[in-house]
Colleague: 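Just passing along the structure, written as structure tokens.
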Amino acid sequence: MVMENSNGSLSTTVENKIATVEFGHPASNSFPRELLNRLTNEFNNLSHDPDVSVIVLQSVGSGAFCAGASFEELLAVSNLEEATKFFSGFANLINAMRTCSKIIIGRIHGKAVGGGVGIASACDYALATTGSSIKLSELAIGIGPFVIEPAVSRKIGKSAMAEMTLEASEWKSAIWANQKGLYAKVFETTAELDTEILAFAKKLSRYNPEALFEMKKILWEGAENWDTLLYERAQISGKLVLSDFSLTALSEFKK
């Protein structure tokens with residue numbers, strides 16, 4: 001099944017109980033809100049699909065894995081309601097990944113920025129290439145990675161989260177991300193990455209799906225308040241993006 005329009009593409013294939021979900025967008029695989037909504041709905045649907053035991057999440061192309069939220073839509077935000085709704089898109093997606101009954105394997109083939117780091121963190125198990133550097137650049141435009149922070153901190157810890165956030169202009173290497181716990185393994189090439197992902201997904205697909213779901217619930221214990229927390233964080237981002245500081249910073253990007 002392929003869904004493609006001006007807001008990006010989304011496709012899902014199911015083979016031998018493995019669902020491969022692939023998203024894409026011409027702007028470095030960034031996410032307009034409509035594409036976020038489609039991916040959120042897809043995780044919700046797959047969660048209830050008896051023919052699926054494990055999900056592989058990946059993006060199109062050989063460039064960036066994900067550049068985060070759509071910059072064009074961010075520039076178009078004009079009031080608090082729009083801004084909060086804009087940032088709630090990633091809250092919806094992360095919560096859908098968290099509550100999905102299937103294990104989600106992230107195929108991180110390239111760089112991830114902002115919300116892209118949040119998506120990688122919300123995967124239950126992420127594998128990457130050595131070129132998959134990460135960066136949280138939100139402070140540079142007067143906001144912060146508030147919505148994705150719980151997911152990222154859950155994987156790498158508060159200390160590493162502070163390092164990433166405060167060094168908003170610096171890339172962290174895939175090796176750094178592996179050492180901090182975001183990536184389970186790192187490979188030199190995408191061919192090696194794909195070989196490992198297929199082997200691992202096949203192995204998981206042969207396990208008892210009920211046992212996998214019960215294990216996933218245990219792994220996500222302590223995140224139950226995200227149903228409200230992430231939306232409170234979206235309101236913080238929504239308020240800050242309309243501040244004079246952010247409007248000035250964003251205006252520089254328009255030039």
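Predicted model, so just to flag it, every value in this text is computed and none were measured.
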Colleague: Using a strict threshold of under 4.0 Å (side-chain N to carboxylate O), is an ion pair present between Glu167 and Lys172?
Modeller: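 Yes, this pair counts.
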Colleague: May I have all residue pairs that pass side chain to side chain donor-acceptor pair (under 3.5 Å) and include part of residues 133-156, sequence neighbours excluded?
Modeller: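 Found Glu149-Ser153, Glu149-Lys158, Glu149-Arg233.
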Colleague: About how many Å separate CG of Leu46 and OG of Ser53, when rounded to the nearest 0.5 Å?
Modeller: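 It is 11.5 Å, given to the nearest 0.5 Å.
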Colleague: Between Ser30 and Ser70, do the side chains contain a donor N or O and an acceptor N or O under 3.5 Å apart?
Modeller: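 No, no side-chain donor-acceptor contact under 3.5 Å.
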Colleague: If we ignore hydrogens and angles and just use 3.5 Å, is the side chain of Glu210 paired with the main-chain N or O of Asn208 as donor and acceptor?
Modeller: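 Looks like no, no N/O pair under 3.5 Å.
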Colleague: Is it true that a side-chain atom of Ser47 and a backbone atom of Phe43 form a donor plus acceptor pair closer than 3.5 Å?
Modeller: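 Checking the backbone N and O of Phe43 against the side chain of Ser47, no donor-acceptor pair under 3.5 Å is found.
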Colleague: Tell me whether Lys85 is salt-bridged to Glu82, with the criterion being a basic N under 4.0 Å from an acidic carboxylate O.
Modeller: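 No, no charged N to carboxylate O under 4.0 Å.
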Colleague: Near Asn44 CG, under 6.0 Å, is it more than 12 heavy atoms from other residues, nucleotides or ligands?
Modeller: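 Counting neighbours around CG of Asn44, more than 12 heavy atoms of other residues, nucleotides or ligands fall under 6.0 Å, so yes.
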Colleague: Decide if the gap between the ring center of Phe65 and the ring center of Phe23 is smaller than 6.0 angstrom.
Modeller: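 Under 6.0 Å, so yes.
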Colleague: Is atom NZ of Lys239 surrounded by more than 12 heavy atoms (other residues, nucleotides or ligands) closer than 6.0 Å?
Modeller: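 Counting other residues, nucleotides and ligands, NZ of Lys239 stays at 12 neighbours or fewer.
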Colleague: Test your reading of the model: is there a side-chain donor-acceptor pair from His109 to the backbone of Thr189, 3.5 Å cut-off?
Modeller: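 Side chain of His109 to backbone of Thr189: no pair is present.
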Colleague: Decide if the gap between the ring center of Trp226 and the ring center of Trp220 is smaller than 6.0 angstrom.
Modeller: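 So the answer is yes for these two rings.
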Colleague: Say you draw a straight line from CZ of Phe146 to CG of Leu229; how long is it, rounded to the nearest 0.5 Å?
Modeller: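 Going from CZ on Phe146 over to CG on Leu229, the span is 12.0 Å.
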Colleague: Flag yes if more than 12 heavy atoms outside Asp244 fall under 6.0 Å of its CG atom; otherwise flag no.
Modeller: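 Check fails, neighbour count at 12 or below.
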Colleague: Say whether, by atom type as modelled, one donor and one acceptor occur between the side chain of Lys102 and the main chain of Asp49 under 3.5 angstrom.
Modeller: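 Present.
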Colleague: Any donor and acceptor pair, going by atom type alone, linking the side chain of Lys111 with main-chain N or O of Cys66 inside 3.5 Å?
Modeller: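 Checking the backbone N and O of Cys66 against the side chain of Lys111, no donor-acceptor pair under 3.5 Å is found.
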Colleague: To the nearest 0.5 angstrom, please state how far the CZ atom of Arg107 sits from the OG1 atom of Thr129.
Modeller: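 Going from CZ on Arg107 over to OG1 on Thr129, the span is 8.5 Å.
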Colleague: Would you sort out whether Arg38 and Asn41 count as a side-chain hydrogen bond (donor to acceptor under 3.5 Å, both in side chains), showing the intermediate values?
Modeller: CA-CA 5 Å; Arg38 282 192 281 157; Asn41 291 335; over 6 Å; no
Colleague: Is the charged tip of Lys217 near the ring of Phe213: under 6.0 Å from the six-membered ring centre and within 45° of its axis?
Modeller: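 Yes, Lys217 lies over the aromatic ring of Phe213.
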Colleague: Strictly below 4.0 Å, N to O, side chains only: are Lys17 and Asp51 in salt-bridge contact?
Modeller: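 No, Lys17 and Asp51 are not salt-bridged.
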Colleague: Indicate yes or no for a side-chain donor-acceptor contact from Asn29 to the backbone of Ser59 under 3.5 Å, with no hydrogens or angles considered.
Modeller: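 No; judged by distance alone, with no hydrogens or angles, the pair does not exist.
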Colleague: Run the ring pair (Phe, Tyr, Trp, His ring centres under 6.0 Å) check on Tyr125 and Phe200 step by step: do they pass?
Modeller: CA-CA 10 Å; Tyr125 195 87; Phe200 187 62; 4.4 Å; yes
